[in-house]
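Below: the structure, in structure tokens.
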Amino acid sequence: MRRKYPYANFYYIILFILCLFPFDGVTGQERTDSITNFTKCWQTPSENLSGTLIASDNDLIYTTTVPNTIQALNASNGSGIWASTLKGRIFGKILVGGGNLVVINEVETNEAMESRNLDRDSPGRSLTAVNLVSGLTGWTKPISGEGEVFLYGFGDFFIGVYQSGVVNLISFENGKLLREIDLKQGISAAGYSDGVLALGTLDKKLHFFSVPGSEFINLISVEEIPVKIFVADGKNVLWADKRGVLRRLDLVQKKTIWKRRFGGEISSIVNSPNGVLVSSLDNFVYLFDIDSGKIKWKRRFSGRIVEEPVVAREFAAVFAYGDLSSFVMSLETGEVVDILTLSDGNYFTGKPVFAGDLMIFPTLNALVAFGVGDCRANKKTDK
């Protein structure tokens with residue numbers, strides 16, 4: 001007589017489910033059981049959000065609307081606090097510190113430039129301070145030269161790194177220039193962490209300075225032009241070239257400890273409690289050990305990852321520009337443990353910020369806040 005196994009059907013069902021969800025790939029259609037319990041807490045519609053410009057000081061969030069307005073919102077519910085309109089288009093990064101936020105904006109609007117017969121393709125730019133409490137415009141400081149500007153804040157000061165090769169140390173409070181360094185060479189990459197500013201230049205060199213004093217630390221020649229830099233600590237730095245080769249450099253010995261080539265150009269390098277996260281234009285996210293360079297796990301996504309993953313506790317949120325979904329991954333295993341999904345017709349446009357336990361994303365037509373667990377636990381008393 002044939003023996004019956006009461007759990008046989010259950011075994012085959014589990015096996016079938018596992019076959020549906022392979023470890024090394026994620027598509028927009030894939031579903032997993034949520035174990036982090038993220039929920040949408042609020043959404044503030046806007047038809048004029050300007051891409052990825054968003055910052056937070058935990059109680060308030062700051063974002064920009066097209067073409068030249070910056071606004072403060074209550075982080076707990078998305079309600080408006082104040083709005084400030086500047087002279088010209090706002091772009092770049094919002095930097096918060098010293099009682100002000102600092103943005104880069106055009107000195108004049110296109111209309112004003114046309115009236116003076118000036119070239120609309122080369123408008124003047126300035127750093128502009130806006131008071132965090134009142135929204136009133138404070139000091140402005142002209143930016144010389146063209147190209148990308150990297151901004152890094154620490155305490156009452158911030159550093160402006162200009163692609164032309166100039167580095168400025170500036171006061172948040174009054175915009176006073178405290179120190180200027182001219183490398184006499186175009187800057188190809190910049191990174192800052194733990195009091196060390198690292199700059200890659202077009203002449204295949206890595207320059208290192210202490211922060212906030214901007215004192216020179218080290219200069220190392222390398223074999224390729226750096227396009228990404230990650231300062232791991234005072235001794236080690238990771239840098240990548242255009243071909244997707246990542247290297248660990250020992251700053252004391254001035255030599256390469258290991259190097260690893262990825263399937264595409266590296267789009268981001270991010271630290272986490274479990275190791276270093278690297279996203280590549282081959283649509284993979286990797287976690288690897290910085291000492292050995294060995295990969296702990298890798299995960300493939302259906303879309304190109306152009307923004308760096310966002311690390312919170314034991315999780316990382318990964319998304320591709322123009323995607324409807326953001327995937328929350330376990331840093332320990334690389335598994336997708338939750339999927340944050342937007343409605344049809346909307347998509348993620350930039351990196352989120354954190355305000356308490358809320359993760360707030362800029363999207364095509366709204367700011368959307370996700371929280372862990374019950375949204376009521378994230379509510380605060382309005383200011």
Side-chain angles (χ1 to χ4, degrees), residues 55-58 93-98 102 148-162 166-172 178-181 183 187-201 205-222 226-241 246-260 266-279 286-294 296 307-316 331 351 353-354:
S56 169
D57 65 0
N58 238 14
K93 178 181 180 180
I94 300 175
L95 201 62
V96 177
V102 174
E148 187 174 0
V149 180
F150 306 91
L151 298 177
Y152 303 98
F154 42 91
D156 294 328
F157 311 98
F158 70 95
I159 281 181
V161 178
Y162 309 109
V166 175
V167 181
N168 285 341
L169 177 66
I170 302 170
S171 165
F172 261 120
L178 304 176
R179 186 172 185 188
E180 181 170 281
I181 301 170
L183 300 181
I187 292 175
S188 58
Y192 166 73
S193 181
D194 295 331
V196 176
L197 175 69
L199 303 175
T201 50
K205 287 183 172 61
L206 291 170
H207 304 251
F208 298 92
F209 300 89
S210 66
V211 175
S214 299
E215 300 296 332
F216 173 77
I217 297 177
N218 218 332
L219 174 64
I220 300 175
S221 295
V222 291
V227 296
K228 289 290 179 184
I229 301 179
F230 171 75
V231 181
D233 50 45
K235 180 182 178 183
N236 293 294
V237 64
L238 301 177
W239 69 275
D241 62 29
L246 181 68
R247 299 166 176 85
R248 173 192 162 199
L249 181 68
D250 187 305
L251 298 182
V252 177
Q253 301 180 55
K254 294 188 177 182
K255 72 175 186 179
T256 299
I257 304 302
W258 55 256
K259 66 180 180 179
R260 177 179 290 276
I266 291 172
S267 55
S268 71
I269 308 171
V270 182
N271 199 21
S272 83
N274 298 68
V276 178
L277 278 173
V278 171
S279 62
Y286 306 83
L287 182 80
F288 67 91
D289 178 76
I290 190 171
D291 292 327
S292 65
K294 292 182 178 179
K296 296 182 177 181
E307 288 281 354
E308 65 182 37
V310 178
V311 173
R313 300 174 185 170
E314 67 270 32
F315 304 105
L331 285 171
K351 180 182 175 182
V353 296
F354 286 94

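Along the sequence shown, the residues carry numbers beginning at 1.
Checking side-chain atoms of Ser56 against main-chain N and O of Asn58 turns up a donor-acceptor pair under 3.5 Å. Asp57 places no side-chain N or O within donor-acceptor distance of the main-chain N or O of Val96, the cut-off being under 3.5 Å.
Closest heavy-atom contact between Ala198 and Ile229: CB-CG2, 3.6 Å. Smallest separation of non-hydrogen atoms from Ala55 and Val353: CA-CG1, 3.9 Å. The two residues Val237 and Phe230 have their closest heavy-atom pair at CG2-O, 3.2 Å. Pairing each heavy atom of Pro309 with each of Ser268, the nearest pair is CD-OG, 3.3 Å. Residue Lys296 comes nearest to Asp289 through the heavy atom pair CE-CB, 4.0 Å, listed as atom of the first residue, atom of the second, then distance. The minimum heavy-atom distance linking Leu287 with Gly275 is given by the pair CD1-C, 3.7 Å.
In this structure Phe158 satisfies the ring pair (Phe, Tyr, Trp, His ring centres under 6.0 Å) test together with Phe172, sequence neighbours excluded. Residues that satisfy the side-chain contact (heavy atoms from CB on, under 4.5 Å) test with Glu314, not counting sequence neighbours, are absent from this structure. In this structure, the side-chain contact (heavy atoms from CB on, under 4.5 Å) partners of Ser221, at least two apart in sequence or on a different chain, are Lys205. Shown here are the side-chain contact (heavy atoms from CB on, under 4.5 Å) partners of Arg179, two or more places apart in sequence or in another chain: Leu169, Ile181, Ser214, Glu215.
With rounding to the nearest 0.5 Å, the separation of NZ in Lys254 from CG in Leu219 is 7.0 Å. To the nearest 0.5 angstrom, Ile269 atom CD1 is 11.0 Å from Leu277 atom CG. How far CG of Asp241 is from CZ of Arg247: 4.5 Å, rounded to the nearest 0.5 Å. Annotation: the span from Leu178 atom CG to Ile170 atom CD1 amounts to 8.0 Å, rounded to 0.5 Å. A distance of 8.5 Å separates CD1 of Ile217 from CG of Leu251, quoted to the nearest 0.5 Å. Separation of atoms CZ (Phe208) and CZ (Phe216) is listed at 9.5 Å; rounding is to 0.5 Å.
Side-chain contact between Ser279 and Val270 is absent, with no heavy atoms from C-beta onward closer than 4.5 Å. Side-chain contact between Asn271 and Ile290 is absent, with no heavy atoms from C-beta onward closer than 4.5 Å. Using a 4.5 Å heavy-atom cutoff, the side chains of Phe154 and Ile159 are in contact. Counting heavy atoms from C-beta on, the side chains of Trp258 and Leu246 come closer than 4.5 Å. Between Val167 and Phe209, the closest side-chain pair of non-hydrogen atoms is not below 4.5 Å.
Residue pairs meeting the side-chain hydrogen bond (donor to acceptor under 3.5 Å, both in side chains) criterion with at least one partner in residues 188-201, sequence neighbours excluded, are Thr201-Asp203, Thr201-His207. Applying the salt bridge (charged side-chain N to carboxylate O under 4.0 Å, His left out) test to pairs two or more places apart or on separate chains, those with a residue in residues 226-238 are Lys235-Asp250.
Within 6.0 Å of NZ in Lys259 there are 12 or fewer heavy atoms belonging to other residues, nucleotides or ligands.
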